[in-house]
Asks: 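Have a look at the structure that comes next, please.
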Amino acid sequence: MIIVKGSFPVKENDQPRALDLVQALARAARKDRGCLAYEVYLQADEPRVIMVWQQWTSLDALETHFASSHVDSFLDAIPDMLDGDVTSTHFDVTHQDGEPLAEDMDGHDIAPLVLADNITLH
């Protein structure tokens, strides 16, 4: 399983519009094959920072998601709303509660993916 945690600061005046975009992306992503969860949050102490938490069955599922038209639409719209650096971290989870997952990643490394200007998934 692949877990992705990301956050990106948006301009204060653009926060409602950016949040709508992220929520639309999440709704579409939840229908993608291999998406186990796609959650959107506002950072409690800084609500202009939008955070996402994603769970995917595999790296292939995540890469298919990144190649989707809904990700393209999001990446076309969001850059002008950003106000700072986008951060992301991925976790390659092979065990849950001490038990191996059924679909082990066999030790594959995941290279950083550059999605757009200022948006790189690590």
Side-chain angles (χ1 to χ4, degrees):
M1 175 176 24
I2 303 296
I3 296 174
V4 179
K5 178 198 170 283
S7 66
F8 47 99
V10 296
K11 297 172 186 165
E12 190 171 338
N13 292 337
D14 287 330
Q15 190 264 15
R17 197 168 114 222
L19 185 56
D20 286 345
L21 282 171
V22 176
Q23 289 174 323
L25 175 62
R27 281 190 299 276
R30 289 180 192 123
K31 297 175 186 172
D32 287 346
R33 185 173 169 264
C35 182
L36 300 172
Y38 201 116
E39 301 172 19
V40 179
Y41 303 96
L42 293 178
Q43 186 171 309
D45 63 342
E46 187 61 64
R48 68 180 193 85
V49 176
I50 299 172
M51 303 176 71
V52 294
W53 184 267
Q54 308 168 41
Q55 289 177 264
W56 297 89
T57 56
S58 67
L59 178 58
D60 289 340
L62 179 60
E63 289 175 343
T64 298
H65 165 67
F66 285 143
S68 69
S69 61
H70 45 272
V71 169
D72 287 343
S73 295
F74 173 78
L75 292 176
D76 286 344
I78 199 70
D80 291 337
M81 297 180 213
L82 295 175
D83 187 22
D85 293 330
V86 173
T87 62
S88 66
T89 304
H90 78 274
F91 304 89
D92 178 354
V93 180
T94 58
H95 292 77
Q96 183 174 345
D97 295 328
E99 295 295 321
L101 293 175
E103 190 171 323
D104 196 317
M105 294 301 293
D106 295 327
H108 294 293
D109 289 333
I110 301 173
L113 299 172
V114 177
L115 302 177
D117 290 342
N118 296 345
I119 301 175
T120 302
L121 175 68
H122 297 278

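Here, residue 1 is the first one in the sequence, and each next residue gets the next number.
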Asks: Locate the shortest heavy-atom distance separating Trp56 from Ala29; write the atom from each residue and the value.
Replies: CH2-O, 4.1 Å
Asks: For Glu46, does the CD atom have more than 12 heavy-atom neighbours from other residues, nucleotides or ligands under 6.0 Å away?
Replies: yes
Asks: In Å and rounded to the nearest 0.5 Å, what is the CG to CD distance from Asp83 to Gln15?
Replies: 12.5 Å
Asks: What closest approach, in Å, do Ile2 and Ser58 show between heavy atoms, and which atom pair accounts for it?
Replies: CG1-C, 3.8 Å
Asks: With sequence neighbours excluded, what pairs up with Phe8 under the ring pair (Phe, Tyr, Trp, His ring centres under 6.0 Å) test?
Replies: none
Asks: Determine the minimum heavy-atom distance between Gln54 and Leu62, stating which atoms define it.
Replies: OE1-CD1, 4.0 Å
Asks: Flag the pair Ile50 / Leu42 as yes when at least one side-chain heavy-atom distance between them is below 4.5 Å, and no otherwise.
Replies: yes
Asks: Could you state the interatomic distance from CD (Glu39) to NZ (Lys5), rounded to the nearest 0.5 Å?
Replies: 13.0 Å
Asks: Count the heavy atoms of every other residue, nucleotide or ligand shown that sit under 6.0 Å from CG of Asp20, and state whether that count exceeds 12.
Replies: yes
Asks: For Thr57 and Leu36, what are the C-alpha separation, side-chain angles and deciding distance, and is it a side-chain contact (heavy atoms from CB on, under 4.5 Å)?
Replies: CA-CA 7 Å; Thr57 56; Leu36 300 172; 3.6 Å; yes
Asks: Between Arg48 and Val10, is there a donor-acceptor pair closer than 3.5 Å when you use the side chain of the first and the backbone of the second?
Replies: yes
Asks: Looking at Ala61 and Gly34, what are the two nearest heavy atoms and their distance?
Replies: CB-CA, 3.8 Å
Asks: Which residues pass the side chain to side chain donor-acceptor pair (under 3.5 Å) test with Asp72, not counting sequence neighbours?
Replies: none
Asks: Between Thr64 and Asp32, does the side-chain contact (heavy atoms from CB on, under 4.5 Å) criterion hold? Intermediate values first, please.
Replies: CA-CA 8 Å; Thr64 298; Asp32 287 346; over 6 Å; no
Asks: Can you establish whether the number of heavy atoms outside Arg33 located under 6.0 Å from its atom CZ is more than 12?
Replies: no
Asks: Working to the nearest 0.5 angstrom, can you tell me the gap between Gln55 CD and Ile3 CD1?
Replies: 5.0 Å
Asks: What residue pairs, at least two apart or across chains, pass ring-ring contact (aromatic ring centres under 6.0 Å, His included) with a residue in residues 18-45?
Replies: Tyr38-His65
Asks: Which heavy atom of Ala77 sits nearest a heavy atom of Leu21, and at what distance?
Replies: CB-CD1, 3.7 Å
